[in-house]
Amino acid sequence: MADEILFYTNPMSRGRIARWMLEEIGAPYRTEILQFGTTMKDDSYKAVNPMGKVPAIIHGKKTVTECAAICAYLADAFPEKGLAPSPADRADYYRWMFFAAGPLEAAVSNRALGFEIPPGRERMIGYGSYADVMDALEFALRSNSYIAGEKFSAADVYVGSQIGWGLQFGSIEKRPAFEQYFGRIALRDAYQRAVEKDDMAASALQTT
């Protein structure tokens, strides 16, 4: 697919995940920076994402929102980059990407907001407990170099971004397995380029 990708983001958002994925695929893309509460809520953008949130991408005639979906879509749209396992080998790839989009995201967000599951009510919440989620995440990384095996994939962009963010801001426990994993994937050139671009965009917003 030769269509340029239009990328809607804000450098202080989960758009950093999509930026990293875009840098991994190396395809041309154009960035539109949106502001919280203003341009992000304009009708013109809500026609792209009715939630009025970033990130979102438009690729040709296709619109994709939600970070996990963007990562998975781009891996499939650019198969030559090898960022998704073959369909027959995607069990762990799907398993941990969806785990991060569901239990991990919910448990970390609820904990950051001070929401505690009442004792004895863990069965009513999809992730059970924050401790259960941390243990499951460590289990995924205990015997593999990457989240879905021994090869880096789009699942590492998504899961790894959440781990890196959580370690930085204290919302994810600093277990050795998490620190070693993120330290390894953060050395990737695409990650370094993405961070540099988002940091520059953040600085530009602060001076305007």
Side-chain angles (χ1 to χ4, degrees), residues 1 3-25 27-78 83-84 93-115 117 124-127 130 133 137 147 154-166 168-169 171-172 191 194-195 197-202 204-206 208:
M1 297 182 181
D3 297 307
E4 181 184 60
I5 298 167
L6 178 56
F7 171 44
Y8 295 97
T9 189
N10 181 289
M12 302 305 295
S13 76
R14 290 172 176 82
R16 284 182 174 250
I17 302 174
R19 169 88 74 180
W20 180 6
M21 188 64 195
L22 287 163
E23 291 296 323
E24 289 285 351
I25 64 169
Y29 68 92
R30 179 164 54 90
T31 304
E32 292 284 342
I33 302 291
L34 301 180
Q35 296 277 20
F36 295 103
T38 57
T39 51
M40 217 175 282
K41 301 299 183 182
D42 283 350
D43 289 342
S44 59
Y45 180 64
K46 290 183 80 172
V48 174
N49 184 358
M51 291 286 288
K53 289 175 171 275
V54 292
I57 63 168
I58 297 178
H59 183 211
K61 295 182 179 180
K62 298 179 177 65
T63 299
V64 189
T65 65
E66 310 308 318
C67 289
I70 290 171
C71 290
Y73 170 81
L74 290 174
D76 286 345
F78 297 88
L83 290 166
Y93 174 80
Y94 287 136
R95 177 185 182 182
W96 297 112
M97 189 178 287
F98 282 91
F99 173 82
L104 180 59
E105 170 86 10
V108 168
S109 296
N110 284 344
R111 188 169 187 263
L113 292 170
F115 177 73
I117 307 300
M124 295 186 66
I125 198 81
Y127 59 82
Y130 175 84
V133 171
L137 186 60
I147 196 67
D156 292 291
V157 174
Y158 185 64
V159 180
S161 292
Q162 293 200 41
I163 291 176
W165 187 268
Q168 182 180 357
F169 292 99
S171 58
I172 284 181
Y191 175 78
V195 169
K197 289 179 180 181
D198 276 323
D199 286 351
M200 288 178 61
L205 286 177
Q206 291 172 0
T208 57

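Side-chain contact between Ile58 and Arg30 is absent, with no heavy atoms from C-beta onward closer than 4.5 Å. Side-chain contact between Ile163 and Leu137 is present, with at least one heavy-atom pair separated by less than 4.5 Å. Val64 has its side chain out of reach of His59: every pair of non-hydrogen atoms, C-beta onward, lies at least 4.5 Å apart.
For the atom pair CZ of Phe36 and CG of Leu34, the computed distance is 9.5 Å after rounding to the nearest 0.5 Å. Between Thr9 atom OG1 and Lys197 atom NZ the span is 12.5 Å, to the nearest 0.5 Å. Phe98 CZ to Tyr93 OH: the interatomic distance, rounded to the nearest 0.5 Å, is 9.5 Å. Atom OH of residue Tyr127 and atom CG of residue Asn110 lie 3.5 Å apart, to the nearest 0.5 angstrom. Taken from CH2 in Trp165 to CZ in Arg16, the straight-line distance is 6.5 Å, to the nearest 0.5 Å. With rounding to the nearest 0.5 angstrom, the CG atom of Asp198 is 7.0 Å from the CD1 atom of Ile33.
Between the side chain of Lys41 and the main chain of Met51, a donor-acceptor pair closer than 3.5 Å is present. A donor-acceptor distance shorter than 3.5 angstrom exists from the side chain of Asp156 to the backbone of Ile147, with no hydrogens or angles considered. Counting only distance, with no hydrogens or angles, the side chain of Arg19 and the backbone of Val195 share no donor-acceptor pair below 3.5 Å. Between the Asn10 side chain and the Gln35 main chain, no donor and acceptor come within less than 3.5 Å of each other. Side-chain atoms of Glu24 never come within 3.5 Å of backbone atoms of Leu83 as a donor-acceptor pair (strictly under, hydrogens ignored).
Across every non-hydrogen atom of Thr65 and Ala56, the tightest pair is CG2-CB, 3.8 Å. When all heavy atoms of Ala100 and Gln162 are compared, the pair lying nearest together is O-NE2, 3.2 Å. The shortest non-hydrogen separation linking Phe7 to Ala18 is CE1-CB, 3.6 Å. In this structure, Val157 and Ile17 approach most closely via the heavy-atom pair CG1-O, 3.7 Å. Scanning all heavy atoms of the two residues, the minimum distance from Ala75 to Ala84 falls at CB-CB, 3.9 Å. When every heavy atom of Trp20 is checked against every heavy atom of Ala194, the shortest pair comes out as CA-CB, 3.6 Å.
The neighbour count for Glu105 CD, taken as heavy atoms of other residues, nucleotides or ligands under 6.0 Å away, is above 12.
Ring pair Phe99/Trp96 is perpendicular by interplanar angle, where above 60° counts as perpendicular and below 30° as parallel.
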Derivation of the side-chain contact (heavy atoms from CB on, under 4.5 Å) call for Ile57 and Leu74: CA-CA 10 Å; Ile57 63 168; Leu74 290 174; 3.8 Å; yes

Step by step, would you call Glu23 with Tyr29 a side-chain hydrogen bond (donor to acceptor under 3.5 Å, both in side chains)? CA-CA 9 Å; Glu23 291 296 323; Tyr29 68 92; 2.5 Å; yes

Apply side-chain contact (heavy atoms from CB on, under 4.5 Å) to Thr31 and Leu22, showing your working. CA-CA 11 Å; Thr31 304; Leu22 287 163; over 6 Å; no

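Side chains of Ser161 and Arg14: a donor-acceptor N/O pair is absent below 3.5 angstrom, by distance only.
Taking Tyr45 as the reference, Tyr8 meet the ring pair (Phe, Tyr, Trp, His ring centres under 6.0 Å) condition, with sequence neighbours excluded. Annotation: salt bridge (charged side-chain N to carboxylate O under 4.0 Å, His left out) contacts of Asp42 (sequence neighbours excluded): none.
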